[in-house]
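For the single chain, residues carry numbers from 1 onward in sequence order. Owing to the predicted nature of the structure, the values given are computational and were not obtained by experimental measurement.
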Amino acid sequence: MVKTIPNPAQALAKAVDDATTRLTLWVMDHKKWVIGFALVAILLLIAFNVDAGTTGTEFKGIYDKLKDWTSGYLGKAIALFAFLLGLGIGVAKSSPIPAIAGIVFALFVAFGPAVLEGIATATIAEAAPVTPVVTTLV
């Protein structure tokens, strides 16, 4: 009797499909909990975002370290790994979507810290005062 060795790409694609199916079924079974958690998370993010750019100097050290990591070689390595993983899954599933998702994730890692810093520290500049102009008709 001859044993056939399964194709590793097909085995990976089946494992990913099984995990996706299980996650989807779990979310559908616990829909109320998922929606409740999402609402609480959104409310907390809104509440904490009120003064996110102006206070918390005690967190400046960890913020700087994480920002340096994501914009340095660690961030580049994570972005490259995400792209390669997406490319591998895309080849296994014969679909370009995972590779595109890997590229999008890599872009978020590359540009995300600068965008988030811009959002957190954004201020509205005051406009120059307007001086009234009085004209007289002759």
Would you compute the distance between atom [atom1] of [X] and atom [atom2] of [Y] and round it to the nearest 0.5 angstrom?
| X | Y | atom1 | atom2 | value |
| --- | --- | --- | --- | --- |
| Leu74 | Lys76 | CG | NZ | 11.5 Å |
| Thr70 | Leu116 | OG1 | CG | 9.0 Å |
| Phe83 | Ile100 | CZ | CD1 | 10.5 Å |
| Asp17 | Ile89 | CG | CD1 | 10.0 Å |

Next item on the list: Provide the closest heavy-atom pair for Ala13 versus Ala92 in the form atom of the first, atom of the second, distance.
Entry: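 Shortest heavy-atom contact: CB-O, 3.9 Å.
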
Note to self: Which heavy atom of Pro98 sits nearest to which heavy atom of Gly90, and what is that distance?
What the structure shows: CB-N, 3.7 Å

Item checked: Steps toward salt bridge (Lys or Arg N to Asp or Glu O under 4.0 Å) verdict (Asp18, Arg22) -> CA-CA 6 Å; Asp18 291 345; Arg22 279 182 284 165; 5.6 Å; no

Under a 4.5 Å side-chain heavy-atom rule over Ile, Leu, Val, Met, Phe, Trp and Tyr, are [X] and [Y] clustered together?
| X | Y | result |
| --- | --- | --- |
| Val34 | Leu23 | yes |
| Leu87 | Leu107 | yes |
| Ile103 | Leu80 | yes |
| Leu84 | Val109 | no |

Note to self: So for atom CZ, which belongs to Phe108, do other residues, nucleotides or ligands contribute more than 12 heavy atoms lying within a distance under 6.0 Å?
What the structure shows: no

Margin query: Quick check: do Trp69 and Leu66 have side-chain heavy atoms less than 4.5 Å from each other?
Written below: yes

Note to self: Walk me through whether Ile78 and Phe105 qualify under side-chain contact (heavy atoms from CB on, under 4.5 Å).
What the structure shows: CA-CA 9 Å; Ile78 291 171; Phe105 183 80; 3.8 Å; yes

Check: Would Asp64 and Lys60 pass as an ion pair if we require N to O under 4.0 Å?
Finding: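 The answer is yes: the pair qualifies as a salt bridge.
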
